[in-house]
Each structure stands twice: as C-alpha cells, then as structure tokens.
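Structure, as structure tokens:
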Amino acid sequence: MNESGDETLRDGGRKEIWLISPSGCLEDEGWRPHRYNYAAAALEQSGYRVRWWTAGFSHHSKKVRYENYTTEERSPYFSISFIPCGSYE
C-alpha cells in the first residue's frame, strides 16, 4: 500500500483484468472480430492491463494455435494467453 492507504498497482498504475473465452476468434485469423476483441480494446483504452485467456485450439478453423502454454504480447497493455487443449476427433 502507498502512503494514502491505496493499493499500489503494478504496470504503472493500471488495474489488470482477465477475459476468459475458450472459443473466440482472433483478429488475425481471418474471421470477423469477436466481442472479446472489442472488449479488450475498450478496456485497454480505458486504462486497464488486459489479459485474454483462450484455447490453444481454434474452434472456428479446427486448427491448433499452440500445443503448449503460450502468451502473446499484442501491445504494452494487452496480451493473449493460450491454454493447450485437444482437437476434435
């Protein structure tokens, strides 16, 4: 805590918020932007540090994005963390 009793925030004073959506499309995957793309952009512009948790498998294209836990830093205050998961049989 700082002298005024407020919590000291990491990342230059930005609060961190997590978005969790296992099936959302990413802007660079060729699909129209998903609502979580819009939410992340609005939150980042409002002063938040945003981390979006999503599947390492794209349900729209039926392709593996990443086989291991991976985090992509999309901007200084926005990252996407991919959780490995299986594909369809």
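Any value given below was found using the heavy atoms of this structure, including those in side chains, with hydrogens, waters and symmetry copies removed.
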To the nearest 0.5 Å, what is the distance between [atom1] on [X] and [atom2] on [Y]?
{"X": "Tyr69", "Y": "Ser81", "atom1": "OH", "atom2": "OG", "answer": "10.5 Å"}
{"X": "Glu72", "Y": "Ser79", "atom1": "CD", "atom2": "OG", "answer": "9.5 Å"}
{"X": "Glu27", "Y": "Tyr38", "atom1": "CD", "atom2": "OH", "answer": "7.5 Å"}

Mind checking whether Phe82 and Phe78 sit in one hydrophobic cluster, side chains of I, L, V, M, F, W, Y counted as touching below 4.5 Å? yes

Is it true that Leu26 and Tyr36 fall in one hydrophobic cluster, defined by side-chain heavy atoms closer than 4.5 Å? yes

Main chain of [Y], side chain of [X]: is a donor-acceptor contact present, judged purely on distance under 3.5 Å?
{"X": "Arg49", "Y": "Arg14", "answer": "no"}
{"X": "Ser46", "Y": "Ala42", "answer": "yes"}
{"X": "Thr54", "Y": "Ser21", "answer": "yes"}
{"X": "Asn37", "Y": "Cys25", "answer": "yes"}
{"X": "Arg51", "Y": "Ile17", "answer": "no"}

Decide side chain to side chain contact (heavy atoms under 4.5 Å, CB included) for Thr71 and Ile80; before the verdict, give the C-alpha distance in whole Å, the side-chain angles of both, and the deciding distance to 0.1 Å. CA-CA 6 Å; Thr71 297; Ile80 302 174; over 6 Å; no

Closest heavy-atom contact between [X] and [Y]?
{"X": "Arg65", "Y": "Ser58", "value": "NE-CB, 3.8 Å"}
{"X": "Lys62", "Y": "His59", "value": "NZ-O, 2.6 Å"}
{"X": "Gly56", "Y": "Cys85", "value": "N-SG, 4.1 Å"}

Ile20: what forms a side-chain contact (heavy atoms from CB on, under 4.5 Å) with it, not counting sequence neighbours? Trp53

Lys/Arg N to Asp/Glu carboxylate O, Lys63 vs Glu29, below 4.0 Å: no

For the pair Trp52 and His34, name the ring-plane relationship: parallel under 30°, tilted 30 to 60°, perpendicular over 60°. parallel

